[in-house]
Amino acid sequence: MSATPTAPPPSLRPYLTARHDLLWQEADAFAAEHIAPRAARMEAAPGKVERKAADLMAVRGWFAVTVPAAFGGLDAGHVARTILIHRIARVSAAAAAILQATLIPVGALLHFATYEQKGRWLPQLADGSLLLSIAVTEPLAGGHIGGMATTAERAGHEWVITGSKIHIGNSHLAGAHLVVARTAGPGVSTSQALTAFMVEADRPGLSVPGHQAALGLHGFSAGRLDLDHVRVPDDAMVGEVGQGLAVAQSSSILYGRSNLAAVSLGIHEAVVDTTTTRLKTRPRYRGTLSDLPVLRDRIGAMEARLRAGRILAYQAVHLLDHGLPCDADLINSKYLGHQWAAQSTQDAMELHGAHALDGTYVLQRFWRDIQHTYPPAGTGEVQRIRLADAAFDEDHIQWSEHLAAEAAWARPDPTAA
């Protein structure tokens, strides 16, 4: 699709400031100049990890978009984070995935790290010298945190970590991994049995097997970490002993859900643009395919889903920027954002007919990439269970409210520049 920059739609005006408008334009220009030329090469070489795009985003400070200025960050908040991921995903979901995967552990550091730890790690993110991953998912337990088998045992002033993690975003790019491990035995509840540790990629005993291409997101690495008696000091622990579940859950809800909503939104927008362009330029009878009512009906449904997904994505992070309780809104933006984008992508495949099956046609990339926004940060079933908790008023902790002091970047006047 075209990477031509566009202005934010009027429906987003309640959520955007003048600063956001500038960032939108900057992200569009960056995607057009640096990402669009790489997208086809990334697609053609699925076994290769894309590093240049990561470097280019890093030097702009985008991995520190939510990091306070005191640590060298942009201090721009969550709407800004969504803008960057959304506008890059419109051109390459894989490049956007590189950005969003580091931003999740950034959230963990902002909310749980000590001031000294923030001073150690966050400036490196801000100057582009460090990328991060968060390592929770495991080969046997998957995303079931309660079944986590990776252990961390205290040895004097160190911890010894042993286990394996899989589907770890930026596994081959990260200079450090935020690893959640079990620090208590089976008799302790999951809410108190896990602890988070920052583990540098060059620690003895930590290995990352070679990159294996996935169904989509070619160029993005989401691989395996093997930890064989990896030793880290006490000051590598993020949060307190037993806070690992809180670190993982809060980061997933406040950052992971909205990040994936933004990736889905970018893909969704690209799908609609690609399909309408095709239908407007394809001759049929005395006009074009876009004149046929049966096809216009399908496009109307795609457009409706896109507009609704856009509002959900931006409204949720707007609330988060203002320190308001919005966990369910963040969850819903991820759940429906993926569902609607996946439906529109399937419709687009059908509307393109046999042309959609051509191996080099861009629509295949969108179809494969959108599959990757379903499992991370909780499948649709997990999201619906959490939404049911909200419906029954049983969502006992609101991370957006609990961490409001750290999350509220926006000025009181939402229209201020």
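FYI, side chains are in, hydrogens and waters are out, and symmetry mates aren't considered; it's all heavy atoms of this structure. Keep in mind the model is a prediction, meaning the values are calculated, not measured.
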Angle class for the [X]/[Y] ring planes (parallel below 30°, perpendicular above 60°, tilted otherwise)?
{"X": "His78", "Y": "Tyr255", "value": "perpendicular"}
{"X": "His86", "Y": "Tyr314", "value": "perpendicular"}
{"X": "Phe112", "Y": "Trp399", "value": "perpendicular"}
{"X": "His172", "Y": "His211", "value": "perpendicular"}

Checking [Y] against [X]: is there a side-chain donor and acceptor pair closer than 3.5 Å?
{"X": "Arg368", "Y": "Thr345", "result": "no"}
{"X": "Gln343", "Y": "Gln339", "result": "no"}
{"X": "Ser133", "Y": "His177", "result": "yes"}
{"X": "Arg81", "Y": "Ser258", "result": "yes"}
{"X": "Asp358", "Y": "His355", "result": "yes"}
{"X": "Ser400", "Y": "Asp327", "result": "yes"}

Minimum heavy-atom distance between [X] and [Y], given as atom pair plus value:
{"X": "Ala69", "Y": "Asp75", "value": "N-CB, 3.7 Å"}
{"X": "Ala126", "Y": "Gly72", "value": "CB-O, 3.1 Å"}
{"X": "Pro209", "Y": "Asp226", "value": "CG-OD2, 3.8 Å"}
{"X": "Thr66", "Y": "Gly77", "value": "CG2-O, 3.4 Å"}
{"X": "Ile161", "Y": "Ala152", "value": "CG1-CB, 3.9 Å"}
{"X": "Ile370", "Y": "Ala341", "value": "CD1-CB, 3.6 Å"}

Report yes or no: does [X] contribute a side-chain atom to a donor-acceptor pair with the main-chain N or O of [Y] at less than 3.5 Å?
{"X": "Ser221", "Y": "Gly223", "result": "no"}
{"X": "Gln371", "Y": "Leu215", "result": "no"}
{"X": "Asp321", "Y": "Val79", "result": "yes"}
{"X": "Trp24", "Y": "Thr6", "result": "yes"}
{"X": "Thr195", "Y": "Gly242", "result": "yes"}
{"X": "Glu50", "Y": "Lys52", "result": "yes"}
{"X": "Gln398", "Y": "Ala328", "result": "no"}
{"X": "Ser251", "Y": "Ala248", "result": "no"}
{"X": "Glu200", "Y": "Gly175", "result": "no"}
{"X": "Lys334", "Y": "Ser264", "result": "no"}

**Request:** Apply side chain to side chain contact (heavy atoms under 4.5 Å, CB included) to the pair Thr373 and Gln100, showing each step before the final yes or no.
**Result:** CA-CA 12 Å; Thr373 65; Gln100 76 87 21; over 6 Å; no
Rounded to the nearest 0.5 Å, what's the gap from [atom1] on [X] to [atom2] on [Y]? Could you check?
{"X": "Leu217", "Y": "His372", "atom1": "CG", "atom2": "NE2", "result": "4.5 Å"}
{"X": "Cys326", "Y": "Asn332", "atom1": "SG", "atom2": "CG", "result": "12.0 Å"}
{"X": "Gln25", "Y": "Asp28", "atom1": "CD", "atom2": "CG", "result": "8.5 Å"}
{"X": "Ile397", "Y": "Gln249", "atom1": "CD1", "atom2": "CD", "result": "8.0 Å"}
{"X": "Lys165", "Y": "Ile134", "atom1": "NZ", "atom2": "CD1", "result": "9.5 Å"}
{"X": "Gln192", "Y": "Thr183", "atom1": "CD", "atom2": "OG1", "result": "10.0 Å"}

If we only count heavy atoms from C-beta on, is the [X] to [Y] side-chain gap below 4.5 Å?
{"X": "Leu265", "Y": "Leu306", "answer": "yes"}
{"X": "Glu33", "Y": "Leu56", "answer": "no"}
{"X": "Leu178", "Y": "Leu132", "answer": "no"}
{"X": "Asp21", "Y": "Pro8", "answer": "yes"}
{"X": "Asp127", "Y": "Ser129", "answer": "yes"}
{"X": "Ser171", "Y": "Arg224", "answer": "no"}
{"X": "Thr379", "Y": "Tyr374", "answer": "yes"}
{"X": "Asp228", "Y": "Ser207", "answer": "no"}

Inspect the contact between [Y] and [X] and indicate whether a charged nitrogen and a carboxylate oxygen are less than 4.0 angstrom apart.
{"X": "Glu116", "Y": "Arg120", "value": "no"}
{"X": "Asp329", "Y": "Arg257", "value": "no"}
{"X": "Arg87", "Y": "Glu269", "value": "yes"}

**Prompt:** Only one of Arg386, Arg384, Gln383 clears side-chain hydrogen bond (donor to acceptor under 3.5 Å, both in side chains) with Tyr335; which?
**Reply:** Arg384
Does [X], at its [atom1] atom, have more than 12 non-hydrogen atoms belonging to other residues, nucleotides or ligands within less than 6.0 Å?
{"X": "His167", "atom1": "NE2", "answer": "no"}
{"X": "Glu240", "atom1": "CD", "answer": "no"}
{"X": "Glu303", "atom1": "CD", "answer": "yes"}

**Request:** Could you please spell out the steps behind the side chain to side chain contact (heavy atoms under 4.5 Å, CB included) verdict for Tyr15 and His20?
**Result:** CA-CA 9 Å; Tyr15 314 119; His20 292 140; over 6 Å; no
**Prompt:** Run the side chain to side chain contact (heavy atoms under 4.5 Å, CB included) check on Arg60 and Met57 step by step: do they pass?
**Reply:** CA-CA 5 Å; Arg60 285 163 172 77; Met57 289 187 285; 5.9 Å; no
**Item:** Test log, rule side chain to side chain contact (heavy atoms under 4.5 Å, CB included), inputs Phe197 and Val238
**Value:** CA-CA 5 Å; Phe197 301 90; Val238 177; over 6 Å; no
**Prompt:** Strictly under 6.0 Å, is that where the ring centroids of His352 and Tyr361 end up?
**Reply:** yes
